[in-house]
Student: 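Quick one: the structure is below, and I'll ask about it shortly.
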Amino acid sequence: MEFMLDTANLEEIKKYEKIIPLAGVTSNPSIIKKEGKIDFFNHMKKIREVIGPEKSLHVQVVATDFAGMMADAQTILEKIDTNVFIKIPVNEEGLKAIKALKEKNIRVTATAIYTKFQAYLAIAAGADYIAPYFNRMENLNIDPREAIKEMTNQISLTNSKTKILAASFKNVGQVTAAFENGAQSATMGTDIIQQALAMPSIGKAVADFTSDWESIYDEGTKIADL
Ligand SMILES: O=C[C@H](O)COP(=O)(O)O
């Protein structure tokens, strides 16, 4: 199970890299927009510094034509590092770029996946990750649970190395459903993790433990004080 952060916010990445078993960081131009007009490559390099060389960094191309996507990919690899996963939307131009990048052994994350058909094409093209958009699929009355399960089946049937990196989450239930239907990875905003761990029931359990402890020992007594 790989938990990734779908953000380019350095403070959030610094904070949550210490809290969760972080596997990587993903972004797209809409996520970058939330940070304002950042110095793009320096910012991405800072994210790499924070997460280290072992975790995966997924950076999306901006061009919409094949030649432009290939040029974007080359620049990203030169100006950030050669381990970056190049995120490419699965449409005609994107699929062409995915095939070409895989022929050069470049790491690819196929993104903007709404249908099983897109996913199967990206798997067959050798994408390292495919990113189905869970919430956006639900909004279109496409069942992401069933789709992810079938993507998992096809990956297994074809002995493919592609991993499912589910994305576009609005709540914790969607994330757990993605994992339970076969996704190896899920990328999410820090709001989802915050919500999940700030449940009042968890807070109440911890408060009860503290109060029971302090009814036996003096207030503020630590285990190390005994
Ligand atoms: O990179 C893809 C995003 O995870 C899509 O998420 P969104 O539906 O919240 O924009």
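Heavy atoms only: backbone and side chains are in, while hydrogens, waters and symmetry mates are out. Order of listing sets the numbers, starting from 1, for every ligand and every atom in it.
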Student: For atom 9 (O) of ligand 1, what's the nearest protein heavy-atom neighbour? Residue, atom name and distance, please.
Tutor: K170 NZ, 2.7 Å
Student: For a side-chain contact (heavy atoms from CB on, under 4.5 Å) with M188, tell me which candidate from N171, I20, V175, V172 qualifies.
Tutor: V175
Student: Can you check whether M70 reaches K104 side chain to side chain, under 4.5 Å on heavy atoms?
Tutor: yes
Student: Does any donor atom in the side chain of E2 or Y129 lie under 3.5 Å from an acceptor atom in the other side chain?
Tutor: yes
Student: Tell me which protein heavy atom sits closest to atom 3 (C) of ligand 1, plus the residue, atom name and distance to 0.1 Å.
Tutor: D6 OD2, 3.3 Å
Student: Is the closest N or O pair between S168 and ligand 1 shorter than 3.5 Å?
Tutor: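 Yes; at least one N/O pair falls below 3.5 Å.
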Student: Any non-hydrogen atom of T26 lying under 4.0 Å from ligand 1?
Tutor: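 In this structure, T26 fails to qualify as a contact of ligand 1 - no heavy atom is under 4.0 Å.
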Student: At a non-hydrogen distance cut-off of under 4.0 Å, which region of K87 contacts ligand 1 (side chain, backbone, both, or neither)?
Tutor: side chain
Student: Are the aromatic rings of W213 and F209 close, with centres under 6.0 Å apart?
Tutor: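 Aromatic pair excluded; centres sit 6.0 Å or further apart.
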Student: What part of Y133, side chain from CB on, backbone N/CA/C/O, both or neither, has a heavy atom under 4.0 Å from ligand 1?
Tutor: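 Contact part for Y133 vs ligand 1: side chain (C-beta onward).
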Student: I'd like to know if D128 and K102 make a salt bridge, using a cut-off of under 4.0 Å between side-chain N and carboxylate O.
Tutor: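 So D128 pairs with K102 through a salt bridge.
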Student: Do T158 and S160 meet the criterion of a side-chain donor-acceptor pair at a distance under 3.5 Å?
Tutor: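 Checked: T158/S160 side chains show no N/O donor-acceptor pair below 3.5 Å.
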Student: To the nearest 0.1 Å, how far is atom 10 (O) of ligand 1 from its closest protein heavy atom, and which atom is that?
Tutor: R136 NH2, 2.7 Å
